[in-house]
Amino acid sequence: MKHIVRLILIGLVLLTIIVVYDGFYILEEGKQVVVTQFGAPVGTPVTKAGIHFKLPFVQVTNTFEKKILIWDGEPNQIPTNDKTYIFLDVTARWRITDALKFMQAVKNETKAQSMLDDIIGGTVRDLVNKNDLIEIIRSSDWSPEEMSPTTDNIGTKPKQGRDKIAISVLEQAAKITPQYGITLIDVMIKRVNYIDSVQLTVYNRMISERKRIAAEKRSLGEGQKAEILGKVDRELKQIISEANREATAIRGKADAEATRIYGQAYTQDPEFYAFQKTLESYKSAVGKNTSLVLSSDSDLYQYMKSISGKQQ
Amino acid sequence: MSNQDQQPPWGRRNKPQTPEEFVAQLIKKLQEFFSDVKKPSPEGPQNGNSTGSPGNPFANASRILTVLMVLIVLQGVYLSFFKISPGEVGVILRLGQYFRTTTSGLHFKIPYVDTLYKVDTENIRKEEFGFRTRMPGQPTFDRAGYETESLMLTADKNVINVAWIVQYKVNEPYSFLFEVQNVQQAVRDASESVTRRIVGNMDFDYVLSYRELLAAEVRKELQALLDKLKAGVGIVTVQFQDINPPDTVKPAFNEVNEADQDMKRLVNEAQETYNRVIPKASGDAKKIIQESYGYAAARVNEAKGETERFTDILKEYKNAPDVTRKRMYLETMQEVLPNVQSVYVIDKDQQSPLPLLNITGAKDLSAPPTK
């Protein structure tokens with residue numbers, strides 16, 4: 001009999017151990033639990049970390065994340081309002097705020113992710129369709145100061161901007177998610193890119209734009225060169241002509257001075273000056289190939305006719 | 001040594017001298033303990049089973065339980081202590097709930113009740129965008145295949161290729177562990193989103209020329225965003241590695257650079273001409289002016305000289321005008337006439353019309369008409 005008592009005792013000890021083990025559960029930080037009894041939820045979800053009690057065997061814990069979770073959508077090909085096709089990759093952060101609803105409506109995280117695909121994906125598509133590309137590229141805090149002067153068409157401030165669109169997506173999607181026990185924390189537009197065919201045309205446009213700038217620079221260079229060369233010509237002429245003017249003036253003054261000196265001297269006896277100058281001029285004016293016809297009564301030949309030199 | 005001499009009598013026999021001896025003794029004891037099973041156990045006679053069969057199952061069970069208990073206690077002792085390396089932080093949960101955070105060193109925790117999470121708070125974590133380092137510590141990296149990460153749109157609707165890194169550190173270990181499920185992914189997402197948003201506000205050329213500004217803005221906004229999520233990390237640095245036009249467009253960009261060089265070259269060439277010509281022209285101008293001064297001096301001096309000569313001659317002339325006149329006249333003639341080809345003297349009285357002259361060939365004429 002002692003044997004059987006001992007067996008029963010051991011059995012009881014084991015049972016107690018199991019009851020204690022299954023009756024308590026430890027809820028770790030970052031997790032939350034919904035206790036269910038035969039599938040039906042009992043009480044409100046437990047969110048505080050620590051040790052908690054439940055009925056062993058009868059009640060089961062369903063653990064969910066309390067941390068912020070990340071939803072990452074598949075890149076979507078969406079046309080904008082101005083008919084540009086873009087790839088849009090959107091990501092969102094969410095958390096399970098009502099574990100009970102979440103358990104009933106969604107069951108698990110994988111399903112939640114695909115549900116968010118539908119909700120956020122649809123909202124993004126709607127809003128991108130309604131907005132021009134520039135609204136998705138620029139944000140509401142865009143300012144012309146962050147544009148370089150080389151850009152011709154700076155464009156305008158977006159009506160909404162990328163950040164406001166993301167907030168609109170969040171607001172619209174956040175209206176739907178609470179029924180699944182999910183709270184959306186934020187929605188971010190992670191990547192925006194052209195689809196391949198559009199990208200090609202954009203590249204071509206960029207190339208032509210650069211070619212235009214290159215041509216502009218070259219022509220600007222030529223222009224500046226021509227301008228400098230023109231300046232060289234102008235300055236050259238100016239310098240030389242100014243020098244010539246000054247030189248001529250100096251010469252003129254000297255000529256005038258000389259004239260004055262000559263005049264002063266020669267007026268003493270103009271007749272003698274004329275005589276002397278004429279004689280001097282003969283020396284240079286009468287050259288080798290000259291033939292002279294002189295009258296016989298000239299001063300030189302007068303004595304040829306008569307010794308007296310008297311004219312008859 | 002004196003301690004060994006003063007050992008109490010009860011401990012003398014089994015006192016282990018060295019750890020090796022201690023282990024040996026332990027093994028021996030264990031062997032004795034299990035070999036007891038084959039000996040008649042003290043409980044055996046109580047059940048009347050003294051046949052030396054495999055024995056009382058309870059006796060065996062209790063032995064095994066004892067061993068298990070010893071093992072569990074040993075493990076518990078082992079688990080009670082933990083070491084936190086420098087640069088790490090230990091976060092301890094007691095029954096799942098946050099209890100405390102420890103710094104580096106040796107610490108104690110209650111086994112099976114406390115859970116330890118180690119977080120490296122000094123290690124700088126790095127995320128690469130638009131490229132991946134092939135081997136850590138080497139400058140080789142791959143850029144191909146990461147275009148979806150690196151291509152982004154600028155405010156002028158152009159496409160730009162940007163590669164950057166984000167370095168961050170855990171500064172709130174609790175938040176890092178329990179607030180966000182995948183902090184690394186959160187950092188990556190936020191970083192891409194913020195960078196694209198800011199690049200989207202700038203035009204192409206602006207992004208190319210103001211990378212520091214871009215980095216500073218991204219860093220600020222990224223930190224704010226991660227703080228909002230309570231990710232528990234601090235951004236150490238955001239660094240932009242390569243900001244380039246997409247490969248297809250690159251040649252066109254190089255052409256612009258070439259054009260820029262051409263432009264500078266042309267201007268330099270013109271400037272060179274200017275520098276070569278104008279200073280020389282200034283010199284030439286000075287020369288012209290100096291020459292004119294020379295002329296002026298010469299002209300005036302000449303005038304003075306001539307007039308002085310004239311005045312002097314005039315003075316003497318006035319003393320004997322007739323003679324001097326004659327002398328001067330004749331002297332001049334004397335000087336002039338020998339050079340002249342031919343001289344014709346015509347009688348003053350010859351009233352007839354001037355006889356014909358053969359001016360060029362006077363010698364050949366048979367009868368010169370004047371004679």
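First the proteins, then the strands, lettered A, B, ... as listed; each starts at 1.
Interface residue A/T91: only side-chain heavy atoms are found under 4.5 Å from chain B. Residue B/Q271 touches chain A through both its backbone and its side chain, counting heavy-atom pairs closer than 4.5 Å. Neither the backbone nor the side chain of A/D233 comes within less than 4.5 Å of any heavy atom in chain B. Residue contact with chain A, scored on non-hydrogen atoms closer than 4.5 Å, involves the backbone and the side chain of B/A190 alike. With a 4.5 Å cut-off on non-hydrogen atoms, B/L151 touches chain A through its backbone and its side chain both. Using a 4.5 Å cut-off between heavy atoms, A/V202 touches chain B through its side chain atoms alone. Neither the backbone nor the side chain of A/F87 comes within less than 4.5 Å of any heavy atom in chain B. Interface residue A/Y273: backbone and side-chain heavy atoms are both found under 4.5 Å from chain B. Only the side chain of A/Q199 comes within less than 4.5 Å of a heavy atom in chain B; its backbone stays farther off. With a 4.5 angstrom heavy-atom cutoff, B/E255 touches chain A via backbone and side-chain atoms both. If you measure heavy-atom distances from B/E149 to chain A, the contacts under 4.5 Å come from both the backbone and the side chain. Neither the backbone nor the side chain of A/E227 comes within contact range of chain B, judged by heavy atoms closer than 4.5 Å. For a residue to count as touching a neighbouring chain, one of its non-hydrogen atoms must lie under 4.5 Å from one of that chain's; by this rule B/R325 touches chain A with backbone and side chain alike. No part of A/R212 comes within reach of chain B, as not one of its non-hydrogen atoms sits under 4.5 angstrom from that chain. Only the side chain of B/E217 comes within contact range of chain A, with at least one heavy atom under 4.5 Å from a heavy atom of that chain. Looking at B/M202, both its backbone and its side chain come within 4.5 Å of chain A, counting heavy atoms on both sides. Of the atoms belonging to A/I239, heavy atoms from both backbone and side chain fall under 4.5 Å from chain B.
Taking 4.0 Å as the cut-off between side-chain N and carboxylate O, A/D89 and B/R188 do not count as a salt-bridged pair. In this structure, B/R197 pairs ionically with A/D141, as a charged nitrogen and a carboxylate oxygen lie closer than 4.0 Å. Look at B/D189 and A/R93 and you find a salt bridge, because one of the NZ, NE, NH1 or NH2 atoms lies within 4.0 Å of a carboxylate O, short of that distance. Taking 4.0 Å as the cut-off between side-chain N and carboxylate O, A/K217 and B/D262 do not count as a salt-bridged pair. Electrostatic pairing of A/R162 and A/E135 does not count as a salt bridge here, judged by no charged N lying under 4.0 Å from a carboxylate O.
No side-chain N or O of A/T80 forms a donor-acceptor pair with one of A/D132 less than 3.5 Å apart. Neither side chain, A/S140 nor A/R138, offers a donor N or O lying under 3.5 Å from an acceptor on the other.
The aromatic rings of B/F178 and B/Y117 sit perpendicular to each other, their planes meeting at more than 60°, with 30° as the lower class boundary. Note on ring orientation: taking the six-membered ring where Trp is involved, the planes of A/Y262 and A/Y266 are parallel (angle under 30°, cut-offs 30° and 60°).
Your options are A/E65, A/E145, A/E257, A/Q276, and the one with the most heavy-atom pairs under 4.5 Å with chain B is A/Q276. Interface remark: of the candidates B/L330, B/T148, B/L177, B/T115, B/T148 forms the most heavy-atom pairs closer than 4.5 Å to chain A. Chain A forms more heavy-atom pairs under 4.5 Å with one residue of B/M333, B/M328, B/R276 than with any other, namely B/M328. Ranked by heavy-atom pairs under 4.5 Å with chain B, the list A/E29, A/E28, A/M188 is led by A/E29.
Nearest heavy-atom pair, B/N161 versus B/S150, reported as atom, atom and distance to 0.1 Å: OD1-OG, 2.8 Å.
Between B/F204 and B/F253, the ring center distance clears the sub-6.0 Å criterion.
Side-chain contact between B/V159 and A/Y194: present, with at least one pair of heavy atoms (C-beta onward) separated by less than 4.5 Å.
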